[in-house]
Amino acid sequence: MTTGSTGEGASPPPFLADPYREFTAREGIPQYEDFGFDLLSLELTPWPRLEAKGAFAHCLGRGDFADMYVCEIAPGGRTSPQRHLYEAVVYVLAGRGSTTIDAPDGPRTFEWHEGSLFALPLNGRYQHFNGSGSKPARFAAVTDLPLVMNVFRSESFIFDNDTTFPERFGDPRYNQGDGTFIPRQPGRHMWETNFVPDLRTLELQQWDKRGGGSRNIMFALADGTMHAHISEMPVGTYKKGHRHGADFHVFAVSGRGYSLYWYEGESELRRFDWRHGTVFTPTDMLFHQHFNTSAEPARYLAIAFGGLRYPTLGDKRKTFSGMDVSLKDGGRQIEYEDEDPRIRRMFEDELRRSGVPSHMSEVFAPAR
Ligand SMILES: [Fe+2]
């Protein structure tokens with residue numbers, strides 16, 4: 001029997017290797033890891049690759065396929081041009097600016113600001129510009145780089161690859177704030193686009209089965225594998241609890257509120273407070289539930305790997321079909337009548353403290 005030699009100076013053969021994390025360590029920017037973050041206050045350092053400031057923000061529930069980084073462009077500044085063989089969905093946290101993408105039919109430039117959402121088409125060259133001479137512009141990007149890096153383990157393949165994917169760019173109006181509405185059924189209606197100028201004002205569709213008065217839209221962005229959707233809770237209401245696999249990065253967009261989460265078999269209800277700038281990811285099959293405590297409708301954005309058009313993962317397929325079906329019927333949702341009574345009481349107490357009227361009795365009256 002021969003034994004693999006690890007002669008002097010040779011590196012040992014890989015064992016439980018994580019090429020993605022080796023890559024992020026080499027990027028030379030902070031790597032934060034937590035259940036959730038306030039992305040507006042996260043400290044960033046110069047990132048040579050982008051010629052801007054950045055940090056990786058690894059949420060504990062990010063799963064195996066998705067990651068997130070935060071980037072800040074100095075006033076009057078720009079990033080260096082980028083191109084890569086992974087997808088990225090960008091949510092603008094602060095400031096304003098523009099992005100130019102080299103599409104097969106010529107360059108496309110669109111202007112964004114706080115609350116904008118856009119996708120970077122696979123391997124399309126792009127560059128971001130800060131539109132202000134006095135204020136920084138900060139955004140978060142959720143990507144599928146962990147999947148791509150761990151499979152190919154080659155920076156040149158990922159960042160210096162001439163393969164083009166013209167079908168990913170879509171209609172030029174998809175970069176002008178326009179899109180195509182694709183009706184399916186409540187909760188699964190889709191908006192196909194590459195750029196949403198303002199998630200706070202985008203028209204949503206009714207989805208009562210996820211909670212009284214709930215509205216949402218699912219996105220098909222740059223014909224990609226990455227998923228995004230936005231949901232809204234009216235004043236004085238909350239969504240029904242549910243669970244699903246990892247990697248849904250949940251960004252608060254407008255309003256304020258909190259989410260409860262609990263592990264199966266545990267009685268402790270844990271809490272994450274949110275407002276614009278915060279993000280968290282429920283870990284794999286963690287029960288969680290979102291509550292609006294503000295005097296305005298509250299919206300949140302979720303970005304994940306595997307969407308409604310291309311679920312890719314078996315778990316995403318199950319989630320998108322069972323997300324508004326009761327656990328009792330094989331789905332993934334806890335109906336109001338089945339929830340822990342502490343949940344409703346805690347919400348009503350919270351609203352009383354903030355002087356916001358509850359509208360829960362209009363959407364669900366518990367049996368006395
Ligand atoms: Fe969820």
Side-chain angles (χ1 to χ4, degrees), residues 35-37 59-66 68 89 91 117 140 142 186-190 199 204-205 207-219 226-234 237-255 257-264 266 269-275 278-293 297-308 311-327 329-336 338-340 343 347:
F35 180 77
F37 296 98
C59 286
L60 293 178
R62 67 191 179 279
D64 294 322
F65 307 112
M68 174 171 55
V89 176
Y91 175 56
L117 175 80
V142 181
R188 285 81 166 172
H189 298 311
M190 298 170 81
L199 287 175
L204 306 183
Q205 302 293 318
W207 191 16
D208 285 313
K209 282 173 77 177
R210 275 290 288 130
S214 171
R215 299 196 300 156
N216 91 319
I217 199 85
M218 296 288 200
F219 294 111
M226 295 296 292
H227 166 79
H229 72 261
I230 182 162
S231 288
E232 181 183 283
M233 295 172 274
T237 69
Y238 60 84
K239 303 272 278 204
K240 296 174 184 175
H242 75 167
R243 65 176 178 175
H244 44 68
D247 87 16
F248 281 92
H249 288 66
V250 181
F251 298 81
V253 170
S254 58
Y258 64 92
S259 295
L260 293 180
Y261 57 100
W262 62 97
Y263 296 90
E264 189 161 24
E266 278 190 16
L269 300 171
R270 299 162 203 249
R271 173 174 168 150
F272 183 85
D273 290 291
W274 44 256
R275 63 185 185 286
T278 56
V279 66
F280 72 100
T281 60
T283 53
D284 188 35
M285 297 310 272
L286 180 73
F287 283 110
H288 56 279
Q289 192 161 3
H290 310 302
F291 301 80
N292 177 12
T293 56
R299 289 187 171 196
Y300 60 86
L301 162 74
I303 308 177
F305 175 78
L308 207 51
T312 314
L313 307 176
D315 177 74
K316 288 295 190 298
R317 205 171 285 279
K318 282 186 195 147
T319 298
F320 294 134
S321 50
M323 59 197 169
D324 53 5
V325 178
S326 170
L327 287 173
D329 300 321
R332 297 193 152 184
Q333 176 165 273
I334 301 172
E335 297 301 323
Y336 287 137
D338 299 324
E339 75 186 11
D340 184 330
I343 287 172
F347 179 68

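Remember, it's 1-based here, ligands and their atoms both numbered in the order they're listed.
Remark: R210 engages no residue in a salt bridge (charged side-chain N to carboxylate O under 4.0 Å, His left out) (not counting sequence neighbours). Under the side-chain hydrogen bond (donor to acceptor under 3.5 Å, both in side chains) criterion, Y300 pairs with no residue, sequence neighbours left out. Partners of N292 by side-chain contact (heavy atoms from CB on, under 4.5 Å), not counting sequence neighbours, listed by chain and number: M233, S294, A298.
A ring-centre distance under 6.0 Å is not found for Y238 and Y258.
Ring geometry, H229 versus H227: the interplanar angle falls from 30° to 60°, so the pair is classed tilted.
In summary, K240 and D338 do not engage in a salt bridge, as defined by a charged side-chain N under 4.0 Å from a carboxylate O.
Counting only protein N, O or S atoms, 3 lie closer than 2.8 Å to the Fe ion (ligand 1).
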